[in-house]
Number of protein chains: 2
Amino acid sequence: MKIGELARLAGTNVETIRYYERDGLLPVPARSEGNYRIYRETHVQRLSFIRRCRSLDMTLDEIRVLLHFKESPQENCADVNRLLDRHIGHVTQRMQELQELERQLKDLRERCGEARDAAHCGILDGLSQAIMPGEKSASHVQGTHQHILAQDDRGKHG
Amino acid sequence: MKIGELARLAGTNVETIRYYERDGLLPVPARSEGNYRIYRETHVQRLSFIRRCRSLDMTLDEIRVLLHFKESPQENCADVNRLLDRHIGHVTQRMQELQELERQLKDLRERCGEARDAAHCGILDGLSQAIMPGEKSASHVQGTHQHILAQDDRGKHG
DNA sequence: CTTGACTCTGTAGTCACTCAAGGGTTTCTA
DNA sequence: TAGAAACCCTTGAGTGACTACAGAGTCAAG
């Protein structure tokens, strides 16, 4: 099959597939006479695995590790557990941060229930004073903007 | 004061300040004879405002809007409300996504309680089958990796 | 007068894509 | 059989919000 069909089957877009190839996540495929990439069922499976991991917000590096374990089945999978535990930790931590964030934003929002002058806007006043409850700690957890797998939103945002 | 002191006072790093200046979020400051940027109290306040908004995961564009309202106090602040409401919506949505994500990851983790061969690893098996409950919808919400305000972690991650 | 801390500019790198230009190939339709 | 449409190719640049680095200049203390 050609790249377009692989993309359809795995719910990816074509550029992403070529990007994964450049990045070493997908093997370099055979080419047709017209220089088109030719894929097989194994590629569909590998790409689907990658996309499933991405939908769980794993980094490409984490996925690389998992792919390695898939390919060397004799190795002990304690590392797989460790990777997943760490990843769950990141997700949990990010959720706690977002909960705190939501609370602060709602507090802020209540300061200005109705439209008034910006001169007396409780929101701007609130943002001008210290609210931060403490410095955020490090994590491999990102912010609140532009979800990774938002492929149905191409070109609308921004 | 020089840029280093401003950075300390606002809990930012120096490059970020210069970046905000390039990006138009901070006004171009005066310069000393030796070409050093010279800041005043107003800069500390403006930068702190920006950092507080960033700690609430607002984009620089959103912050630009808020700064505009801070500077034109006669304008109606209904737009401030709208901006904040929308932002709260994004945060709430991302939290729901992360909750679902956490659930899936923990499900996955339970498939492999102990170290075994990767050949029989329930985690890898699980990732090789379809789990995705439905496509993620678009939002201005990011993933799970590398928190924005992790400034105390310089150079460790990656 | 030298050391070291600080600052400057400019450029490139991060992550995981996404888009666009400018061309080639294949397939469908008239 | 011609030509249009759909697909594919490579290359390079753009996204957001920084971060890092090179190579140079400035300043205060010893």
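A, B, ... follow the sequence lines: proteins, then strands. Residue 1 opens every chain.
Rounded to 10 degrees, the angle between the two end axes of the helix from C/dC1-D/dG30 to C/dA30-D/dT1 is 20°, with five pairs used at each end.
Between A/Ile63 and A/Ile50, the shortest heavy-atom distance links the atoms CD1-O, 3.8 Å. Annotation for A/Leu66 and A/Cys53: closest pair CD1-SG, 3.9 Å, computed over non-hydrogen atoms. Annotation for B/Ser32 and B/Ile38: closest pair N-CG1, 3.6 Å, computed over non-hydrogen atoms. The minimum heavy-atom distance between B/Arg54 and B/Met58, with the atom names listed, is NH1-O, 2.6 Å.
In this structure, A/Arg37 reaches the D/dC9 phosphate: one of its side-chain N or O atoms is under 4.0 Å from OP1 or OP2. Using a 4.0 Å cut-off, no side-chain N or O of B/Arg51 falls inside it from OP1 or OP2 of D/dA17. Using a 4.0 Å cut-off, no side-chain N or O of A/Tyr20 falls inside it from OP1 or OP2 of C/dA16. The phosphate of C/dT18 has OP1 or OP2 within less than 4.0 Å of a side-chain N or O from A/Asn13. Between B/Thr16 and D/dA17, a side-chain N or O to OP1/OP2 separation shorter than 4.0 Å is absent. Proximity of A/Asn35 to the phosphate of C/dG24: no side-chain N or O atom is located under 4.0 Å from OP1 or OP2. Listed pair A/Arg18 / D/dC9 meets the phosphate criterion, a side-chain N or O lying under 4.0 Å from OP1 or OP2.
As a whole-Å value, the separation of A/Ile3 CD1 from D/dC7 C1' is 11 Å. Rounded to a whole Å, the OH atom of A/Tyr19 is 13 Å from the C1' atom of D/dT15. Regarding B/Leu47, its CG atom lies at a distance of 15 Å from the P atom of D/dA17, rounded to whole Å. Distance CD1 (B/Ile17) to P (C/dC6): 14 Å, rounded to an integer number of Å. Atom-to-atom, CD of B/Glu21 to C1' of C/dT7 comes out at 13 Å; the value is rounded to the nearest Å. Between the CD atom of A/Glu5 and the C1' atom of C/dT27 there is a distance of 15 Å, given to the nearest Å. Rounded to whole Å, atom C1' of D/dC8 lies 13 Å from atom CZ of A/Arg8. Taking atom CG of A/Asp61 as the reference point, atom P of C/dC17 lies 12 Å away to the nearest angstrom.
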> Between B/Tyr19 and B/Leu25, does a side-chain contact (heavy atoms from CB on, under 4.5 Å) hold up when you go through it step by step?
Replying inline: CA-CA 9 Å; B/Tyr19 169 74; B/Leu25 279 163; 6.0 Å; no

> Where do A/Tyr39 and A/Ile17 land on the side-chain contact (heavy atoms from CB on, under 4.5 Å) test, with the steps shown first?
Replying inline: CA-CA 11 Å; A/Tyr39 296 100; A/Ile17 296 174; 3.6 Å; yes

>> With side chain to side chain donor-acceptor pair (under 3.5 Å) as the criterion, how do B/Tyr20 and B/Arg51 come out once you've worked through the C-alpha distance, each side chain's angles and the decisive distance to 0.1 Å?
In response: CA-CA 11 Å; B/Tyr20 286 166; B/Arg51 294 310 289 173; 2.6 Å; yes

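A heavy atom lying under 4.0 Å from DNA chain D marks none of the residues of residues 22-33 of chain B.
In this structure, the nucleotide among D/dC9, C/dA16, D/dC18 sitting nearest to the side chain of B/Arg54 is D/dC18.
Between A/Val14 and B/Arg64, the residue whose closest nucleotide on DNA chain D is further toward the 5' end is A/Val14. Between B/Glu15 and B/Lys2, it is B/Lys2 whose nearest contact on DNA chain C lies nearer the 5' terminus.
In summary, B/Asp61 and B/Arg64 engage in a salt bridge, as defined by a charged side-chain N under 4.0 Å from a carboxylate O. Between B/Glu21 and B/Arg37 there is a salt bridge, since a side-chain N of the basic residue sits under 4.0 Å from a carboxylate O of the acidic one.
Counting atom types as modelled, B/Tyr36 pairs no side-chain N or O with a base atom of C/dT7 as donor and acceptor under 3.5 Å.
Cluster annotation: A/Tyr36 is not connected to A/Leu6 through the hydrophobic network of ILVMFWY side chains, with a link wherever side-chain heavy atoms come within less than 4.5 Å.
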